[in-house]
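In what follows, a single structure is set out as structure tokens and then discussed.
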Amino acid sequence: MDKFVRLTAAACPIDIINLNTDQLLPARFLKRPRAEGIGDALLRDLRFDSAGHEVADFPLNRPAWRDAKIIVGARNFGCGSSREAAVYALVDYGIRCVIAPSFGDIFSGNAVQNGLLTAIVTDAEAADISAMLAHAPDLPLTVDLETQTILCGNHTYAFIVDPVRRAKLINGLDDIGLTETYRDRIATFAAEDRIRRPWAIPGGVP
Amino acid sequence: MAFDVTSGLTLFDKLWSAHEIVRRDDGEALLFVDRHYVHEGSFHAFDQIARRGAAVAHPELTFGVADHYVPTRGSRATIANPEIARMVRQLDDNTAKHGIRLFGLSDPRQGIVHVVGPEQGLTLPGLLIVCGDSHTSTHGALGAYAFGIGASEVAHVLATQTIWQRKPKRMRVTVDGKLGSGIAAKDMALAIIARIGADGATGHAIEYAGSAVRGLSIEGRLTLCNLSIEAGARLGLVAPDETTFAYLKGRPFAPVGEAFARAVEDWSALRSDDDASFDAEVSLAAADIAPIVTWGTSPEDALPIDGRVPDPAREPNEARAQYLREALDYMGIAPGARLTDIAVDRVFIGSCTNSRIEDLRAAAAVLAGRTSKVAGLVSAGSSLVKQQAEQEGLDAIFRDAGLEWAESGCSMCVGINGDLVASGERCASTTNRNFRGRQGPGARTHLMSPAMVAAAAVTGHLADVRPLLAGRKP
Ligand code: SF4
């Protein structure tokens with residue numbers, strides 16, 4: 001997993017409340033193997049019309065924000081389906097950080113597994129940053145995970161991130177490797193649990 | 001002693017501590033997973049463990065179900081679409097390779113994963129259950145700690161049978177009193193989401209309590225817990241009781257005989273203590289809940305059927321007004337329109353929310369002897385539900401009404417098997433997500449109970465089911 005410490009990049013405001021994972025990656029692209037890359041399918045039905053033409057005024061299609069690495073979203077970003085491929089689509093497109101007032105729980109869990117930072121600010125701060133970007137689209141944002149701050153022009157905003165996720169992102173840690181160090185304790189737990197909850201083993205039919 | 005009996009604990013606390021293997025100083029805990037359900041979409045996770053060369057730690061606790069991509073019409077033996085055939089075959093191959101039991105396309109027990117788990121008695125009170133699907137919250141209806149996870153977490157569970165979690169906050173939603181006739185668990189769930197919002201329970205485990213919840217059948221509780229995720233919750237729970245035990249007795253994978261009695265004894269401790277405290281409390285009166293439909297593009301856009309959709313011009317908050325304009329525009333509904341004036345193009349009865357036998361009976365009770373004014377599809381939640389419905393003659397009622405009676409699968413809930421709502425078409429649906437394009441690009445979805453979908457079919461527009469039930473057996 002890629003580490004995330006500090007990032008300075010173009011940031012694209014997408015002011016859509018409840019922007020769910022069905023929008024981030026429409027279901028018809030879920031069949032695609034990861035190896036083929038999914039970035040082109042990101043927000044497909046918002047970025048393109050039904051005839052396949054770009055929607056000119058969708059933020060990510062505007063020249064200043066095409067290559068954004070940061071998205072500034074609205075309340076409940078990434079709610080809905082657990083599809084981790086929604087995160088793959090963001091990452092494959094080049095996004096490394098989403099700033100929003102709240103996130104779907106499963107989405108933010110998936111994000112950290114793929115080196116994508118989900119930074120929580122207040123509604124007012126998100127609106128503030130979006131307004132600044134609308135005014136000055138080329139203004140880069142700096143997101144610093146060590147100090148948990150966002151620098152936008154001459155304004156600095158603190159953001160919230162789960163401390164464990166922060167550590168994972170900064171160190172680029174992988175969960176499976178970590179869990180394997182607990183192998184003995186898992187085995188002991190499982191053995192004792194068989195006695196405590198004998199009914200937890202699937203019974204009945206062979 | 002399987003569960004803590006000290007005082008002051010919530011049901012969720014007891015479930016949590018029974019599964020905690022290790023808790024780190026930073027608050028993350030490693031939890032043991034009792035059941036892991038996988039489906040066609042789990043291929044990313046199988047690919048991940050293949051890349052690591054990892055084995056599946058506990059194949060006997062892992063179960064595969066083919067549901068998301070399976071065809072519901074035409075031949076299931078040979079799938080015409082090669083991409084869909086590949087998705088189904090990948091699951092066959094991955095489960096075979098790792099020795100995981102699969103309820104595949106040709107298995108008579110096949111169905112939607114969240115219908116099959118409870119139906120087979122794989123889902124039990126006190127278990128920790130995960131699946132790479134957000135509606136895994138469904139299984140909490142039986143008193144299980146069940147939640148949806150992403151693909152990397154699925155890979156982690158496959159490899160270790162454990163999962164890292166930070167303990168969620170606890171919310172109790174109490175619904176007391178008696179639901180009116182014609183009002184279902186779906187209406188209760190939509191009323192809750194409308195009240196607290198689509199992110200109202202983010203970071204929380206919800207326990208549903210109160211006499212109206214106790215009064216629900218297991219089918220109703222499954223619907224209620226299914227929709228927890230649409231309020232942002234990690235999971236939903238109902239404390240197991242006599243209704244639960246009666247439902248589970250004799251299910252294929254449930255414990256039998258002495259073992260069942262022992263289990264019931266343990267499960268009886270699975271309730272919140274009287275002095276337990278919650279981080280948040282919400283309460284509703286069952287008597288106030290009317291039949292509810294959604295009008296917009298989030299499940300929180302839900303209103304009683306006798307209402308009107310909002311008018312952005314009357315909304316003082318500009319951001320909210322903008323949201324309303326966009327939602328109404330997508331849905332093709334005039335500001336302030338009466339809900340009952342909204343004509344539908346088709347109906348769908350199915351999905352893990354509402355496709356169990358009781359749901360099909362409720363829809364059939366309205367449709368019997370009547371004709372649907374629009375096209376529609378009925379897909380039972382499992383092949384066994386389908387079989388039972390046919391034994392009860394429900395299939396004939398649906399067919400006689402002019403609806404299509406299909407095989408079991410996720411079908412038109414997400415449309416990835418090809419069962420799509422056409423662009424611009426409006427569908428009255430028993431599903432759980434009215435997101436833009438959920439049932440197909442440009443599709444317009446209104447969520448409601450099975451009986452309300454039947455009412456929309458019969459009248460051709462969104463309609464109150466209650467008058468249609470007058471004089472009929474409940
Ligand atoms: S029926 Fe719909 S919500 Fe349920 S598991 Fe299938 S796709 Fe997901």
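Chain naming here is simple, since letters A, B, ... match the order of the sequence lines and numbering starts at 1 in each. Every value quoted in this text rests on a predicted model; they were computed, and no experiment measured them.
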Residue among [options] with most heavy-atom pairs under 4.5 Å to chain B:
options	result
A:Thr21, A:Asp162, A:Asp15	A:Asp162
A:Leu30, A:Val87, A:Ile17	A:Leu30
A:Asp45, A:Ile195, A:Leu178	A:Leu178
A:Ser108, A:Ala74, A:Gly80, A:Pro33	A:Gly80
A:Arg83, A:Arg75, A:Arg34	A:Arg75

May I ask you to check whether over 12 heavy atoms, not counting those of [X], lie within 6.0 Å of atom [atom1]?
X	atom1	value
A:Arg66	CZ	yes
B:Glu318	CD	yes
A:Lys69	NZ	no

Taking all atoms of both residues into account, what is the closest heavy-atom pair of [X] and [Y], and its distance?
X	Y	value
A:Asp193	B:Ala18	OD1-O, 4.4 Å
A:Pro202	B:Leu122	CB-CD2, 4.3 Å
A:Glu84	B:Gln48	OE2-NE2, 4.1 Å
B:His44	A:Ala85	NE2-CB, 4.3 Å
B:Arg52	A:Gly177	NH2-N, 3.7 Å
B:Asp199	A:Ser102	OD2-OG, 3.5 Å

Drop me the distance from [X]'s [atom1] to [Y]'s [atom2], to the nearest 0.5 angstrom.
X	Y	atom1	atom2	value
B:Arg35	A:Ile201	CZ	CD1	7.0 Å
B:Leu127	A:Arg197	CG	CZ	6.5 Å
A:Lys31	B:Met87	NZ	CE	7.5 Å
A:Ile176	B:Ile49	CD1	CD1	8.0 Å
A:Asn20	B:Ser134	CG	OG	10.5 Å
A:Ser82	B:His135	OG	NE2	9.5 Å

Heavy-atom distances under 4.5 Å only: say whether [X] touches chain A with side chain, backbone, both or neither.
X	value
B:Pro125	backbone
B:Phe63	side chain
B:Ile21	both
B:Thr162	side chain
B:Phe435	both
B:Phe260	neither
B:Ser298	side chain
B:Ala159	side chain
B:Arg438	both
B:His19	both

- Message: So, using ring-ring contact (aromatic ring centres under 6.0 Å, His included) as the criterion, who are the partners of B:Phe46 when residues are at least two apart?
- Response: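 Expected list: B:His98.
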With the side chain counted from C-beta on, respond yes when [X] and [Y] share a heavy-atom pair under 4.5 Å apart, and no when they do not.
X	Y	answer
A:Trp199	B:Asp266	yes
A:Ile186	B:Gln161	no
A:Arg28	B:Pro441	yes

- Message: Below 30° counts as parallel, above 60° as perpendicular, anything between as tilted: where do the rings of A:Phe189 and B:Phe32 land?
- Response: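 If you compare the ring of A:Phe189 with that of B:Phe32, the planes turn out tilted.
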- Task: Please lay out, stage by stage, how A:Asn110 and B:Glu153 fare under the test side chain to side chain contact (heavy atoms under 4.5 Å, CB included).
- Result: CA-CA 8 Å; A:Asn110 289 339; B:Glu153 290 175 313; 4.3 Å; yes
- Can you tell which part of A:Arg165 gets under 4.5 Å to a heavy atom of chain B, answering side chain, backbone, both or neither?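 Neither part; nothing is under 4.5 Å.
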- Query: Which atoms of A:Tyr88 come close to chain B, meaning under 4.5 Å heavy atom to heavy atom: side chain ones, backbone ones, both, or neither?
  - Reply: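 When you check distances to chain B, only side chain atoms of A:Tyr88 fall under 4.5 Å.
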- Query: With chain A, which of B:Gly442, B:Gly126, B:Ser423, B:Pro299 has the greatest number of heavy-atom pairs at distances under 4.5 Å?
  - Reply: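 Option with the top pair count is B:Gly126.
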- Task: Decide side chain to side chain contact (heavy atoms under 4.5 Å, CB included) for A:Lys168 and B:Glu28; before the verdict, give the C-alpha distance in whole Å, the side-chain angles of both, and the deciding distance to 0.1 Å.
- Result: CA-CA 12 Å; A:Lys168 273 187 205 159; B:Glu28 290 248 318; 4.2 Å; yes
- Backbone N or O of B:Thr202 within a donor-acceptor pair of the A:Asp105 side chain at under 3.5 Å?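 No, because the side chain of A:Asp105 does not come within donor-acceptor range (under 3.5 Å) of the backbone of B:Thr202.
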- So B:Arg24 and A:Val164, side chain to side chain contact (heavy atoms under 4.5 Å, CB included) or not? Walk me through it. CA-CA 10 Å; B:Arg24 292 198 312 239; A:Val164 176; 3.4 Å; yes
- Message: side chain to side chain contact (heavy atoms under 4.5 Å, CB included) for A:Ile106 and B:Ile149? Distances and angles first, verdict last.
- Response: CA-CA 6 Å; A:Ile106 304 177; B:Ile149 56 178; 5.7 Å; no
- Message: Can you see whether A:Asn18 engages B:Glu300 through a side-chain donor-acceptor pair at a distance of less than 3.5 angstrom?
- Response: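 A:Asn18 vs B:Glu300: donor-acceptor pair found between side chains.
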- Task: Before giving the answer on salt bridge (charged side-chain N to carboxylate O under 4.0 Å, His left out), spell out for A:Asp22 and B:Arg436 the whole-Å C-alpha distance, their side-chain angles and the decisive distance to 0.1 Å.
- Result: CA-CA 8 Å; A:Asp22 274 80; B:Arg436 284 164 189 264; over 6 Å; no
